[in-house]
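See below for the structure under consideration.
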Amino acid sequence: MLKGDFAYALLSFKNNSYEVEPVLGEIKRSLPNNHYISVTMTGKSVVQADVNRASRDDMKKAERIGIPVAFFILWFAFGGIVSALIPIAIGMIGVSGTMGIMFLVGTQIELSNFVLNVIPMVGLALSIDFALLLVSRFKEELRKESAELALTTTMKTAGRAVFFSAVCIFLGLMGILFIPLPMFSTIALGAMTVLIVSVLLTLTLVPALLAVLWPAIKAGSNPLHPGGRDLWYQLSLFVMKRPVRMALLASFMLMSWLLPLNHMKVAIPDAASLPQSYASRMAFEAYQTHFISRKSSNVYIVAQGETTDLKKEDWLNAYTLIQKWTIDPNVQRVDSVFSSLRMPPEKLYLLYQNPQFKAKYKLVFQQFVHKNRMLIQVTLKGEPSSKHVMSWLRLQEHEGEFSDIHYLLGGEAKYQQEVFDDIFHNIKFVLLFILVSNYILLFIAFRSILIPLKTIAMNLLSLGASFGILVWIFEEGHFGMEPNSIAIMIPVFIFGLAFGISMDYGVFLVSRISEAYQQSQDNRQAVLEGLSSISRIINSAAAIMIAVTLPFAFGEVVGVKQLGIGIAAAIFIDATVIRMVLVPSLMRMLGKWNWWVPRWMKKI
């Protein structure tokens, strides 16, 4: 089609989607590009190929930044190279092994390109965090007892906490599988795989390394001794003396971060998720500007008869449908064989049986009629993601079940409507599964009614605050970001990933508090001891997690940026405002009610 100085041609491929990239490369090399004419390609296949390439580059950049920063954080926290190298080694082995496993899986099923980013992001963060907890506890116990006893105590305490944390994260990721879309299921599969590999390495390889390397670990200095009256103890004491004021301050901060959620808009990513310099995005925007209206949506409807060819009744029924859609206030125009040839259905059906007439208008019939199928193109008022377009599509799909002629709806607007419906219809099952399963697991771990409720509520607060920050940064265009809607899959991914990771810190903290409470039966002293002893570890783990995830914010794909910033924000809020201020304040105020459980439950 030609319009002024611009023209476009449509190409269709017989290749599967995962086989198109090499074909696109060959076409691109053959395209003319000089001062007379410039030819570029766009479309879903081209954009997806660019997103895949950019995602791989983003992963490499993030690893080059994240791993060295994580090592220096560990070195600073432990004061010894050997202690710092063990978590890094576990993280690299875990990610490399999982990539190999997912390569084999990818030969059987098509994987989302986000798997390339999620595996290193989640794998490095969790592997290093798990190993950090074990190494830190081992060093602490090594100062009090022999290496053998220190390792035994470490596995009974920190090893138990790692196990329960891993199960919580696994359940969070498993919940994503309730959304029946390959994009979600393959990413959940990749994250679950790297989690399993990480926890197996932590519970097998890390103890083996500790048993062999304990002399070098013991020799390494540790400038930040836990349990003493150091900075963490003083901060913990400060919070414990002012529980009400600190809880109110934390709540105010969280509410201010939650406010932007009122303006949150989600959308299915398109070429705009790529940088403006990419040729596929520039071509897509030129196509939008010159050939289509951004305020309308094309819906392709295929009416199908019951026999091998369209009968007269089928032509009449199809025409009736077209007449109904033509007068619909939501419809801008209807294109069909009737509008092209401007004939009533009875006459057109009779002439269609005439070979000479059929040959004369061959191009028209090829476009709209094939055997027992008829194509109808409806142009709706509004963008594909608009609410009234989606409502119109749902209504027509429902009415199609009772129509005199069977028809199917397709096109970008229909695709977006089905994706939105699949997500929003199933999200309640995702939430229900994750919340209930995590509550049961935490109840088993801590034998308390309130602690699981409080832990889950705190996780939801940190996630809500991180979503608010995402909206503020991306939708309002702060920190130099191009204003953009939140990719519809990002909140689901962040919820599944960050909920489990936040639960990680919650389990670490409450495990130490519970351990101290079992010994003293003094809630205030237990909270103070647990908080001061684990604060350094939680903050080191959070700093490492942020170091691994935040570099993705400097990637090229908008969805990858949103995922990196969202998880980093959730972790930062959870490790500081939630775990260091709000949780201990609430536990201090609740006193012995933290550990209350009905008598009949104690017997189970």
Side-chain angles (χ1 to χ4, degrees), residues 10-13 16-17 20 42-48 51 110 112 179-185 265-273 284 287-288 291-305 317-318 320-339 367-370 372-427 485-489 492 559:
L10 293 176
L11 302 180
S12 59
F13 302 96
N16 293 316
S17 57
V20 170
T42 191
K44 282 198 171 183
S45 299
V46 182
V47 171
Q48 191 61 56
V51 168
E110 188 174 352
S112 168
I179 300 176
L181 293 172
M183 172 175 52
F184 292 93
S185 58
K265 296 179 181 178
V266 293
I268 295 174
D270 54 19
S273 62
F284 177 74
Y287 170 73
Q288 279 191 319
F291 296 105
I292 64 172
S293 170
R294 298 189 183 188
K295 296 182 179 179
S296 63
S297 306
N298 290 328
V299 179
Y300 300 95
I301 301 172
V302 177
Q304 183 173 323
N317 292 329
T320 302
L321 279 176
I322 291 169
Q323 291 298 102
K324 183 188 75 169
W325 291 329
T326 302
I327 61 174
D328 191 316
N330 295 302
V331 175
Q332 186 171 311
R333 60 178 292 177
V334 180
D335 294 308
S336 67
V337 65
F338 303 108
S339 60
Q367 184 179 356
F368 291 108
V369 182
H370 179 69
N372 67 334
R373 295 182 179 90
M374 181 182 293
L375 176 65
I376 305 163
Q377 181 178 330
V378 177
T379 304
L380 298 175
K381 300 173 184 177
E383 297 179 357
S385 58
S386 60
K387 290 183 179 179
H388 70 272
V389 167
M390 292 190 181
S391 298
W392 190 90
L393 290 166
R394 295 187 192 103
L395 177 64
Q396 299 309 314
E397 189 170 46
H398 174 72
E399 292 183 353
E401 298 175 6
F402 308 99
S403 174
D404 292 328
I405 183 169
H406 177 68
Y407 61 85
L408 298 171
L409 297 96
E412 180 64 23
K414 181 60 181 172
Y415 164 75
Q416 294 202 20
Q417 175 251 313
E418 289 182 341
V419 170
F420 270 81
D421 287 355
D422 271 343
I423 293 174
F424 288 106
H425 174 73
N426 292 289
I427 196 69
S485 298
I486 306 300
I488 192 169
M489 73 286 290
V492 180

Carefully, step by step, assess Leu321 and Tyr407 under the rule side chain to side chain contact (heavy atoms under 4.5 Å, CB included).
CA-CA 10 Å; Leu321 279 176; Tyr407 61 85; 3.6 Å; yes
Counting only heavy atoms not in [X] (residues, nucleotides, ligands), do more than 12 fall under 6.0 Å from its [atom1]?
{"X": "Arg394", "atom1": "CZ", "value": "yes"}
{"X": "His388", "atom1": "NE2", "value": "yes"}
{"X": "Lys324", "atom1": "NZ", "value": "yes"}

Starting at [atom1] of [X], measure out to [atom2] of [Y] and round the result to the nearest 0.5 Å.
{"X": "Ile301", "Y": "Leu409", "atom1": "CD1", "atom2": "CG", "answer": "4.5 Å"}
{"X": "Gln304", "Y": "Arg373", "atom1": "CD", "atom2": "CZ", "answer": "4.5 Å"}
{"X": "Ser403", "Y": "His398", "atom1": "OG", "atom2": "NE2", "answer": "12.0 Å"}
{"X": "Leu395", "Y": "Asp328", "atom1": "CG", "atom2": "CG", "answer": "8.5 Å"}

Atom of Val389, atom of Ala413 and distance for their closest heavy-atom approach
CG1-CB, 4.0 Å
Non-hydrogen atoms of Ile405 and Ala318 that approach each other most closely
CG2-N, 4.3 Å
Non-hydrogen side-chain atoms of [X] and [Y] separated by less than 4.5 Å:
{"X": "Met390", "Y": "Glu418", "answer": "no"}
{"X": "Asp422", "Y": "Phe184", "answer": "no"}
{"X": "Asp404", "Y": "Thr320", "answer": "no"}
{"X": "Val331", "Y": "Thr326", "answer": "no"}
{"X": "Lys414", "Y": "Glu397", "answer": "yes"}

Sub-3.5 Å donor-acceptor pair from the side chain of Ser339 to the main-chain atoms of Asp335, do we have one?
no
Kindly state whether the ring of Trp325 and the ring of Phe338 have centres lying under 6.0 angstrom apart.
no
Please determine whether side chain to side chain contact (heavy atoms under 4.5 Å, CB included) holds for the pair Leu408 and Tyr300, giving the CA-CA distance in whole Å, both sets of side-chain angles, and the decisive distance to 0.1 Å.
CA-CA 8 Å; Leu408 298 171; Tyr300 300 95; over 6 Å; no
Going through the distances and angles, do Val337 and Met374 end up as a side chain to side chain contact (heavy atoms under 4.5 Å, CB included)?
CA-CA 8 Å; Val337 65; Met374 181 182 293; 4.2 Å; yes
Kindly assign one of parallel, tilted or perpendicular to the pair Phe424 and Phe420, based on the angle between their ring planes and the thresholds 30° and 60°.
parallel
List the steps and the verdict of side chain to side chain contact (heavy atoms under 4.5 Å, CB included) for Gln417 and Asp421.
CA-CA 6 Å; Gln417 175 251 313; Asp421 287 355; 2.5 Å; yes
For a quick test of your reading: what N or O donor-acceptor pairs under 3.5 Å do the side chains of residues 375-386 make, sequence neighbours left out?
residue, atom, partner, partner atom, Å
Thr379, OG1, Asn298, OD1, 3.2
Lys381, NZ, Pro329, O, 3.1
Ser386, OG, Glu383, O, 2.7

